[in-house]
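Taking it in order: structure first as structure tokens, then the write-up.
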Amino acid sequence: MELVIDINNLAIVFLTIGIAFTLTVLMAPGFIPMLHRFKFGQEVREEGPQSHLKKQGTPTMGGIMFLISGAAAAVMGFIAFGQAGNDALQVLFLMIGFGAVGFADDFLKIKKHNTDGLKPKQKLILQLLIALIFSVWAFYSVEEGHSQGRVYIPFTGNHDTALYIDLPVWLFVPFVIFVILGTDNGVNFTDGLDGLNGSVTAVVAGFFMMLGLANKTPGLSIVAAGILGGLLGYLLFNVFPAKVFMGDTGSLALGGFVAAAGVVSGMELYIPIFGFIYMIEVISVIIQVTYFKKTHGKRFFKMAPIHHHFELLGNSETRIAAAFTIVTMLLSAVSFLGAVYIR
């Protein structure tokens with residue numbers, strides 16, 4: 001298969017990246033000190049690595065920066081393209097909706113001066129409601145090249161020739177909700193080291209940007225480009241030693257973006273591949289908790305999520321972030337080849 005990309009769409013996408021990056025970089029010098037003034041500082045878990053205690057008070061809720069810049073740049077891209085498309089609007093809806101839940105959680109943590117924000121049931125109910133609206137909207141919005149409830153089977157062909165399953169609404173909705181909550185938790189758990197979540201998810205955003213260009217769904221490409229540009233700007237202030245953290249505002253929003261982009265492109269079953277890091281973070285927590293309960297206090301890993309295990313083995317935050325990002329780059333390339341080139 002010959003990959004053909006519209007040069008106009010490519011230009012709009014790269015312009016969107018540049019705008020989002022620039023907006024984030026321009027926003028940060030004023031926004032980060034503002035977080036300091038309002039005492040929006042990170043509350044560090046006492047049971048976490050001791051080396052992280054020095055991060056107490058580092059400004060959090062920095063995810064607001066790349067959400068605002070990414071969304072604004074995407075809107076400009078839509079204007080340049082001439083339309084947004086349901087897929088793009090759905091991705092923005094889930095991303096901003098989950099970001100709002102994260103904002104409420106962060107705000108309560110700061111107000112209480114501890115690591116307890118929204119109650120788990122409150123957070124779950126809000127996420128379920130947003131995920132339900134998204135999944136029903138995704139099922140009943142049909143655009144050219146997509147059918148209701150379509151899920152592509154990995155490595156069986158490209159966008160036009162792949163094998164797929166068309167799920168009925170009563171299966172599609174719970175399946176998508178499961179995908180959303182699982183992915184969102186994985187992205188949230190990945191936010192534990194300086195530069196880790198931003199770097200990994202920037203690669204995933206790049207994957208969806210290229211996938212949208214290849215499949216001629218420019219709306220998805222434009223949103224992904226906005227997030228990519230916003231994250232690249234944010235990483236200038238988040239790599240070790242971080243001057244700002246994204247908080248749940250950013251991590252839950254990014255989880256919503258990854259899950260929504262996977263659903264609207266029919267790539268739900270590819271998420272464990274390009275999102276392997278997210279998946280292994282969740283699995284490590286499940287293993288740790290289960291093993292701890294079964295053995296009455298013993299631990300399978302030195303600490304979970306797994307990035308803390310590698311940290312306690314003596315690896316630096318930068319080394320772990322680099323390794324996890326490289327793994328994501330390789331698996332995103334495999335996913336892209338499987339979704340675009342294989343007949």
I need the [X] [atom1] to [Y] [atom2] distance, nearest 0.5 Å.
X	Y	atom1	atom2	value
Phe66	Ile64	CZ	CD1	10.0 Å
His309	Asn315	NE2	CG	9.5 Å
Tyr152	Thr161	OH	OG1	9.5 Å
Leu167	Glu268	CG	CD	8.0 Å
Ile125	Lys123	CD1	NZ	13.0 Å
Leu124	Leu181	CG	CG	6.5 Å

Nearest non-hydrogen partners of [X] and [Y], listed with the distance:
X	Y	answer
Ala20	Gly226	CB-O, 3.2 Å
Gly77	Ile222	O-CD1, 3.7 Å
Pro59	Leu35	CB-CB, 3.8 Å
Ala162	Gly157	CB-O, 3.4 Å
Leu23	Ala72	CD1-CB, 4.1 Å
Val13	Ser221	CG2-CB, 3.7 Å

Do the side chains of [X] and [Y] join up, straight or via other hydrophobic residues, at under 4.5 Å, putting them in one cluster?
X	Y	result
Met279	Ile273	yes
Phe14	Ile227	yes
Ile326	Ile306	no
Leu235	Ile19	no
Trp137	Phe178	no

Does anything in residues 12-31 form a side chain to side chain donor-acceptor pair (under 3.5 Å)? List the pairs, not counting sequence neighbours.
Thr24-Ser69
Would Ser141 and Gln90 count as a side-chain contact (heavy atoms from CB on, under 4.5 Å) if you check the C-alpha gap in whole Å, the side-chain angles of each, and the deciding distance to 0.1 Å?
CA-CA 10 Å; Ser141 63; Gln90 288 160 4; 2.6 Å; yes
With a 4.5 Å limit on heavy-atom distance, are the side chains of [X] and [Y] in contact?
X	Y	result
Leu126	Leu118	yes
Leu211	Ser265	yes
Ile96	Leu67	no
Leu313	Phe301	no
Phe175	Val179	yes
Gln288	Ser284	no

Applying salt bridge (Lys or Arg N to Asp or Glu O under 4.0 Å), which residue pairs with at least one partner in residues 276-286 are found, sequence neighbours left out?
none
For residues 59-74, pull every pair meeting salt bridge (Lys or Arg N to Asp or Glu O under 4.0 Å), keeping only residues two or more places apart or in separate chains.
none
Can you list, pair by pair, the side-chain donor-acceptor contacts under 3.5 Å of residues 238-258, counting residues two or more places apart and other chains?
| residue | atom | partner | partner atom | Å |
| --- | --- | --- | --- | --- |
| Asn238 | OD1 | Gly195 | N | 2.9 |
| Asn238 | ND2 | Tyr234 | OH | 3.0 |
| Asn238 | ND2 | Val244 | O | 2.8 |
| Asp248 | OD2 | Lys109 | NZ | 3.3 |
| Thr249 | OG1 | Phe103 | N | 3.4 |
| Thr249 | OG1 | Asp106 | OD2 | 2.7 |
| Ser251 | OG | Asn188 | OD1 | 2.7 |
| Ser251 | OG | Gly247 | O | 3.3 |

How about Tyr278 and Thr201: does a side-chain donor come under 3.5 Å of a side-chain acceptor?
yes
Is the side chain of Thr156 donor-acceptor paired with the backbone N or O of Leu163 at a distance under 3.5 Å, no angle test?
yes
Side-chain (Glu317) to main-chain (Asp194) donor-acceptor, under 3.5 angstrom:
yes
On the 0 to 90° scale, with breaks at 30° and 60°, tag the Phe274-Phe208 ring pair as parallel, tilted or perpendicular.
perpendicular
Close aromatic pair by centroid cut-off 6.0 Å: Tyr270 and Phe155
yes
CA sep, side-chain torsions, deciding dist, call: Phe139, Val176, side-chain contact (heavy atoms from CB on, under 4.5 Å):
CA-CA 10 Å; Phe139 183 86; Val176 167; over 6 Å; no
What's the verdict on side-chain contact (heavy atoms from CB on, under 4.5 Å) for Leu228 and Leu232, showing C-alpha distance, side-chain angles and the deciding distance?
CA-CA 6 Å; Leu228 173 57; Leu232 291 177; 4.0 Å; yes
Carefully, step by step, assess Val136 and Leu132 under the rule side-chain contact (heavy atoms from CB on, under 4.5 Å).
CA-CA 6 Å; Val136 173; Leu132 176 62; 4.1 Å; yes
Side-chain polar contacts of residues 293-300 - donor-acceptor pairs under 3.5 angstrom, sequence neighbours left out - could you list them?
| residue | atom | partner | partner atom | Å |
| --- | --- | --- | --- | --- |
| Thr295 | OG1 | Tyr291 | O | 2.6 |
| Thr295 | OG1 | Lys298 | N | 3.2 |
| Thr295 | OG1 | Lys298 | O | 3.4 |

Could you list the donor-acceptor pairs under 3.5 angstrom formed between side-chain atoms of residues 327-336 and any protein atom two or more places apart in sequence or on another chain?
| residue | atom | partner | partner atom | Å |
| --- | --- | --- | --- | --- |
| Thr328 | OG1 | Phe324 | O | 2.9 |
| Ser332 | OG | Thr328 | O | 2.8 |
| Ser335 | OG | Leu331 | O | 2.9 |

